[in-house]
Number of protein chains: 2
Amino acid sequence: MSVDKSLLTGSTTMLILKLLESEDMYGYQMIEELNRKSNNVFELKAGTLYPLLHSLEQKELLTSYEETVEKARVRKYYSITPKGRKRLEEKREEWQEYTAAVNQVLGGASFARA
Amino acid sequence: MSVDKSLLTGSTTMLILKLLESEDMYGYQMIEELNRKSNNVFELKAGTLYPLLHSLEQKELLTSYEETVEKARVRKYYSITPKGRKRLEEKREEWQEYTAAVNQVLGGASFARA
DNA sequence: CAATATTATATCGACCATCTATACATGTCA
DNA sequence: TGACATGTATAGATGGTCGATATAATATTG
């Protein structure tokens, strides 16, 4: 928590896909992982995440399955699809292009490429 | 043109303030400059810019003055205020914090420096 | 000289991502 | 038992950007 929330716009999908690149995860776990990995810069809200997960599933970038843990609690795990991995790669490229452009305008080291 | 538009959200204010850091400019000029400096990655739309300029002026981050050029055309120049410079510095820091966090999640070189 | 493109500022309605608030259910610990 | 953490979920509000549109002067070109 600290960065302007609107900066986040558009990169959340990429971050979610990235988290799922190496292992299946459930929603709550993603929130915690994102918070941990970003040194508390990102505090993804449940109200943002779950609708997003559903839409990503509809677009076939993710699949889900339920798993019962400790006799009662049911967790919904999400798994990235090949299509999702492809989208992640596209998003990553866009991200690099975008940040390079901003940095160039800011006058810092640019590393512009296209 | 090319990056996901939603990535832009929130950074436009910073980019505008940055443009005005070194010289006064008028709206149309900002659109062109931003396009040029970003190698056509940013195509700021007039419908985005003008309302934004007005709101920045209301927040006293900018001031404006009109100047008649070539006997007829009136250009509206915008000038950054001390308050605007301060805001620019804050935005720049946020931007660095935010990109460091994203890069860290992406697993690339992080250069985190909260 | 008329049509079109470019320069220049401006507003409006729509869209979309995110947030806050809320809801509901279970497990744990004091 | 009551508070807190875990866990998934939806609804409504907010805010930034875009496309469409309007207006008007200058420059270009057929």
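The analysis underlying the following values was restricted to heavy atoms, covering all of them including side chains, and did not include hydrogens, waters or symmetry mates. Below, chains carry the letters A, B, ... as their sequence lines are ordered, and counting in each starts from 1. No experiment lies behind these values; they were computed from the predicted model shown.
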In whole angstroms, how far is the C1' atom of C:dT11 from the CG atom of B:Leu52? 15 Å

Sequence neighbours excluded and cut-off under 3.5 Å, please list the side-chain donor-acceptor pairs for residues 57-64 of chain B, or say none.
from: B:Glu57; atom 1: OE2; to: B:Ser64; atom 2: N; distance (Å): 3.4
from: B:Glu57; atom 1: OE2; to: B:Ser64; atom 2: OG; distance (Å): 2.6

Rounded interatomic separation in angstrom, taking NZ from A:Lys45 and C1' from D:dT14: 15 Å

Check the pair A:Leu20 / A:Met30 against side-chain contact (heavy atoms from CB on, under 4.5 Å), numbers first and verdict last. CA-CA 9 Å; A:Leu20 295 174; A:Met30 295 179 208; 3.8 Å; yes

Rounded to whole Å, CZ of B:Phe42 lies from P of D:dG16 at a distance of 17 Å

Between C1' of C:dT20 and CG of A:Leu44, the distance in whole Å: 14 Å

With sequence neighbours excluded, tell me which residues meet ring-ring contact (aromatic ring centres under 6.0 Å, His included) with B:Tyr77. B:Tyr26, B:Tyr65

According to salt bridge (Lys or Arg N to Asp or Glu O under 4.0 Å), who are the partners of B:Arg36, at least two apart in sequence or on a separate chain? B:Glu33

5' to 3', nucleotides 3-8 of chain D under a 4.0 Å protein heavy-atom cut-off (B base, S sugar-phosphate only, - none) gives ---BSB

Rounded distance in Å - CD1 (B:Ile16) to C1' (D:dG16): 13 Å

Mind calculating the distance between CG (B:Leu34) and P (D:dT17) to the nearest angstrom? 11 Å

Phosphate oxygens OP1/OP2 of C:dT18: is one of them under 4.0 Å from a side-chain N or O of A:Thr12? yes

Mind calculating the distance between CD (A:Glu43) and P (C:dA17) to the nearest angstrom? 22 Å

Specify the separation, in whole Å, of atom CG of B:Leu56 and atom P of C:dT9. 15 Å

Salt bridge (Lys or Arg N to Asp or Glu O under 4.0 Å) pairs, two or more places apart, involving residues 14-24 of chain A: A:Lys18-A:Glu21, A:Glu21-A:Arg92

Sequence neighbours excluded, the answer for salt bridge (Lys or Arg N to Asp or Glu O under 4.0 Å) partners of A:Glu90 is A:Arg87

